[in-house]
Amino acid sequence: MYAPAHTAIALAAKRADPSASLFGLMVAAQGSELLWVTFSYLGIEHSTVDKGGTLHLEYLPYSHSLLTGLGGGMFLWALLRWVFRRNDVATIFGWVFASHIVLDFIQHEPNLQIAPGIATPTFGLNLQSIPWLDFAIELALCVACWAYYRGSVRLLIGFIALNVINIPLMLSGDGGASPLASNPIILPTIILFTIVLAWVVVYIFRKPRQGAAAAADQNDSAHERTEVHEATPAAPTNNR
């Protein structure tokens with residue numbers, strides 16, 4: 001999926017675990033994509049545009065294999081838990097990193113390998129082949145994560161704008177990608193720009209809407225008081 005959807009997952013993860021760094025979660029959510037940008041610049045991975053002008057991410061086994069996505073999440077979890085002793089955020093970071101390959105499994109054409117060196121079978125539900133449905137689902141995911149986070153109206157507008165900006169990229173996969181064939185660094189540069197743009201928009205407008213944070217704190221405090229009350233044994237009654 002595109003940058004706004006992955007960034008929205010990081011935002012929801014921040015709501016689930018407020019102690020985790022939002023910027024760190026956004027980087028983790030885009031870990032596989034950042035690897036793809038790097039490998040594309042180095043010529044290790046590449047995309048192609050066929051004669052009909054349709055874009056294909058033809059070769060991306062190192063950044064977007066199931067091993068990299070799911071194994072990378074496990075590695076990040078272990079790194080935070082056992083090396084940095086951050087048990088409080090290890091699990092959420094591991095899940096967020098792994099979420100990238102899960103979302104891309106839904107959106108990509110069948111080009112996701114099990115691991116580098118294993119050419120078949122490949123996986124992908126190919127949501128991208130129906131651009132407007134892809135747009136609707138990715139926007140709905142962003143709105144759902146925004147609602148869970150209790151974000152501001154400005155953040156919602158930001159998510160809508162980010163998804164609208166990606167419409168040309170979505171349509172380029174349906175016969176309009178010929179301009180991308182002229183230079184192999186154009187596509188990774190565009191993708192890197194959309195990633196950074198999504199990070200900036202979310203970070204600037206990250207403050208929850210007024211009243212939501214206070215209400216959440218009150219609910220959490222009330223829940224904690226209830227748990228403490230239920231866990232406290234009743235004082236013995238002195239019957240004479």
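Excluded from the calculations below are hydrogen atoms, water molecules and symmetry mates; all remaining heavy atoms, backbone and side chain alike, are included. Since this is a predicted model, take the numbers as computed values, not measurements.
If you chain together hydrophobic residues whose side chains sit under 4.5 Å apart, Leu125 and Val102 fall into the same group. Following chains of ILVMFWY side-chain contacts shorter than 4.5 Å, one can reach Leu55 starting from Ile191, so the two form part of one hydrophobic cluster. Follow the hydrophobic side-chain contacts under 4.5 Å out from Val96 and you never reach Met74; the two are in separate clusters. Placement of Met26 and Val37 within a single hydrophobic cluster is found when ILVMFWY residues are connected by side-chain heavy-atom separations under 4.5 Å, directly or transitively. Grouping the Ile, Leu, Val, Met, Phe, Trp and Tyr side chains by contacts below 4.5 angstrom, directly or via other members, places Ile195 with Ile204.
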- Item | Full working for side chain to side chain contact (heavy atoms under 4.5 Å, CB included) between Asn163 and Cys142 | CA-CA 9 Å; Asn163 279 275; Cys142 290; 3.5 Å; yes

- Query: Can Glu45 and Ser63 be said to form a side chain to side chain contact (heavy atoms under 4.5 Å, CB included), step by step?
  - Reply: CA-CA 8 Å; Glu45 295 186 342; Ser63 64; 2.7 Å; yes

- Evaluate the criterion side chain to side chain contact (heavy atoms under 4.5 Å, CB included) for residue pair Asp88 and Arg86; output intermediate values, then yes/no. CA-CA 5 Å; Asp88 55 328; Arg86 289 299 309 272; 2.9 Å; yes

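Atom CG in Leu141 sits 6.0 Å away from atom CE in Met1 (nearest 0.5 Å). For the atom pair CZ (Phe123) and CZ (Phe105), the distance works out to 7.5 Å, reported to the nearest 0.5 Å. A distance of 7.0 Å separates CG of Leu34 from CG of Leu192, quoted to the nearest 0.5 Å. Rounding to the nearest 0.5 Å gives a distance of 11.0 Å between CG of Leu103 and CD1 of Ile137. Atom CG of residue Leu169 and atom CZ of residue Phe135 lie 13.0 Å apart, to the nearest 0.5 angstrom. For the atom pair Leu60 CG and Leu35 CG, the distance stands at 11.0 Å (nearest 0.5 Å).
Residues Phe97 and Ser32 meet the side-chain proximity criterion, which asks for heavy atoms closer than 4.5 Å. By the 4.5 Å heavy-atom criterion applied to side chains, Ile114 and Ser65 are not counted as neighbours. Residues Leu187 and Leu57 meet the side-chain proximity criterion, which asks for heavy atoms closer than 4.5 Å. At least one side-chain heavy atom of Asp17 sits under 4.5 Å from a side-chain heavy atom of Val89. The shortest side-chain heavy-atom distance between Phe159 and Leu11 falls under the 4.5 Å cut-off. Using a 4.5 Å heavy-atom threshold, the side chains of Pro208 and Arg15 count as separate. Side-chain contact between Asn166 and Pro4 is present, with at least one heavy-atom pair separated by less than 4.5 Å.
Contact between Leu171 and Pro131 at its shortest, heavy atoms only, is CD2-CB, 3.7 Å. Of all non-hydrogen atoms in Ala16 and Ile92, the two that sit nearest each other are CB-CD1, 4.4 Å. A pairwise comparison of heavy atoms in His108 and Gln128 identifies CA-OE1, 4.1 Å as the closest pair.
Asn111 and Glu58 share no side-chain donor-acceptor pair at under 3.5 Å. Donor-acceptor pairing under 3.5 Å is recorded for the side chains of His64 and Glu33. In this structure, a donor-acceptor pair under 3.5 Å is present between the side chains of Tyr41 and Thr189. No side-chain donor-acceptor contact under 3.5 Å links Glu109 and Ser129.
A cation-pi arrangement is absent between Arg154 and Phe205, since the terminal nitrogen or guanidinium carbon is not both under 6.0 Å from the aromatic centre and inside a 45° cone about the axis. Taking the ring centre of Tyr203 as origin, the terminal cationic atom of Arg206 falls inside the region bounded by 6.0 Å and 45° from the ring axis.
Around CZ of Phe193, the count of heavy atoms belonging to other residues, nucleotides or ligands within 6.0 Å does not exceed 12.
For Phe93 and Trp77, the distance between ring centers is not under 6.0 angstrom.
With hydrogens and angles disregarded, a donor-acceptor distance shorter than 3.5 Å links the side chain of Gln113 to the backbone of Ile118. Using a distance-only test at 3.5 Å, with no hydrogens or angles considered, no donor-acceptor pair links the side chain of Asp134 to the main chain of Ile130. In this structure, Thr7 contributes its side chain and Trp199 its backbone to no donor-acceptor pair below 3.5 Å. Judged purely by atom type and a 3.5 angstrom limit, Trp36 has no side-chain atom pairing as donor or acceptor with the backbone of His46. A donor-acceptor contact shorter than 3.5 Å is absent between the side chain of Thr194 and the backbone of Ala3. Of the possible donor and acceptor atoms, none in the side chain of Lys14 sits under 3.5 Å from a partner among the backbone N and O of Leu25.
Using the six-membered ring where Trp is involved, His100 and His6 have ring planes that are parallel, under 30° apart on the 30 and 60° scheme.
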